[in-house]
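Every number for a ligand or one of its atoms is a count from 1 in the order of the listing.
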Amino acid sequence: MKLMGVPLSPFVRKVAVVMAIKGLEYEAQPVMPGDASEAFRALSPLGKIPVLVDGDFSVADSSAICEYLEEKYPQHSVMPQGAEERARARFLEEIGDTRLVETASIIFIEKFANPTIFGKEADLERAAEAEHELLPPYLNYLESQVPPEGYLFGDFTTADISIVTPIFNAAYGGYCVDAARWPKYAAFVDRVAEHPAVIQVREAEQQFVTAMASSS
Ligand SMILES: N[C@@H](CCC(=O)N[C@@H](CS)C(=O)NCC(=O)O)C(=O)O
């Protein structure tokens, strides 16, 4: 199998963690977001990463990929059992993939990617607005959803990594969830970060970041 996309993408990281949990080996192909090549656009019509290639089959979109992996490779399930829990897991995944990524990415882009990768000046006002105004309403909601111990549905699921992977990006910009304001969610982020599959994926991510920093 091949996973296309850079490991710093919250969506690529989410898929990589699911693959690690399922013990699936893959070749990582570091395609940048928005890659305009005809070959990539044929696989990802929206131009977005990640894309999974599995033999003759390929699919884009992290949620579509994770659902495919769950159905095709059911070992070490990453979905809870039961209609209600699955619906809730998908909704939490959606929050992670949309509002959480949109707001946390501003901190990542302004305080890390722009100054470090793209050689652009950081817009610190925009980053502060994201941190203090845009992100908090979603953290308030997640604080009400995460358990005081363990994961969302017992065993680790796609939803667990989905509601944390955007925070890993913001952390590159020096962000840390305020444990005084969101104690359950801050502890949950730490717990997810300590999961062996997450550690494994983030080690590979670190190698990518180090290589990227030394080449820029
Ligand atoms: N819903 C998609 C979102 C993927 C996405 O937005 N990826 C970003 C990189 S983190 C991207 O490729 N952006 C390029 C673009 O929008 O042109 C998923 O879950 O995979």
Side-chain angles (χ1 to χ4, degrees), residues 1-22 24 26 28-54 57-72 78-79 86-118 120 126-127 130 134-135 138 142 152 157-173 175 192 197-198 201-202 204-206 208-209 212:
M1 270 188 272
K2 222 181 329 180
L3 180 59
M4 301 171 90
V6 283
L8 269 176
S9 155
F11 302 102
V12 172
R13 188 186 296 119
K14 168 184 155 189
V15 172
V17 166
V18 165
M19 294 181 88
I21 286 172
K22 289 184 171 292
L24 299 169
Y26 62 91
Q29 208 172 310
V31 177
M32 288 298 278
D35 185 300
S37 71
E38 227 174 271
F40 181 66
R41 290 297 167 125
L43 299 175
S44 180
L46 299 178
K48 297 186 184 207
I49 55 170
V51 169
L52 179 82
V53 180
D54 187 7
F57 174 76
S58 76
V59 63
D61 189 280
S62 65
S63 300
I65 294 170
C66 290
E67 295 259 352
Y68 165 77
L69 292 170
E70 176 70 359
E71 286 173 20
K72 181 98 189 221
V78 288
M79 285 298 281
R86 282 180 171 242
R88 192 170 156 246
R90 289 186 177 110
F91 179 66
L92 287 165
E93 180 178 351
E94 176 68 5
I95 291 201
D97 288 356
T98 56
R99 295 296 183 261
L100 206 58
V101 162
E102 288 157 19
T103 51
S105 289
I106 297 173
I107 302 169
F108 169 72
I109 290 166
E110 295 303 341
K111 294 182 80 177
F112 177 77
N114 274 348
T116 312
I117 306 174
F118 302 121
K120 285 193 200 164
R126 190 167 176 253
L134 305 179
L135 191 50
Y138 304 110
L142 291 173
L152 286 163
T157 63
T158 305
D160 291 294
I161 184 60
S162 299
I163 62 166
V164 169
T165 181
I167 300 298
F168 291 154
N169 277 71
Y172 280 101
Y175 179 74
V192 167
V198 177
V201 164
R202 300 218 67 202
E205 175 182 329
Q206 207 46 56
F208 174 82
V209 173
M212 196 180 59

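No side-chain heavy atom of Y138 sits under 4.5 Å from any side-chain heavy atom of T98.
By the 6.0 Å and 45° rule, R202 stacks over the aromatic ring of F168.
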Inventory of protein N or O atoms under 3.5 Å from ligand 1 N or O:
| unit_1 | atom_1 | unit_2 | atom_2 | d |
| --- | --- | --- | --- | --- |
| ligand 1 | 1 (N) | D61 | OD2 | 3.0 |
| ligand 1 | 7 (N) | I49 | O | 2.9 |
| ligand 1 | 12 (O) | I49 | N | 2.9 |
| ligand 1 | 19 (O) | S62 | N | 3.2 |
| ligand 1 | 19 (O) | S62 | OG | 2.6 |
| ligand 1 | 20 (O) | S62 | N | 2.7 |

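The pair E38-R41 does not count as a salt bridge, with every side-chain nitrogen at least 4.0 angstrom from each carboxylate oxygen.
In this structure M32 satisfies the side chain to side chain contact (heavy atoms under 4.5 Å, CB included) test together with V6, sequence neighbours excluded. The side-chain hydrogen bond (donor to acceptor under 3.5 Å, both in side chains) search around K14 returns S62, S63, E93, D97, not counting sequence neighbours.
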Under 3.5 Å, which donor-acceptor pairs do the side chains of residues 45-53 form with other protein atoms, sequence neighbours left out?
none

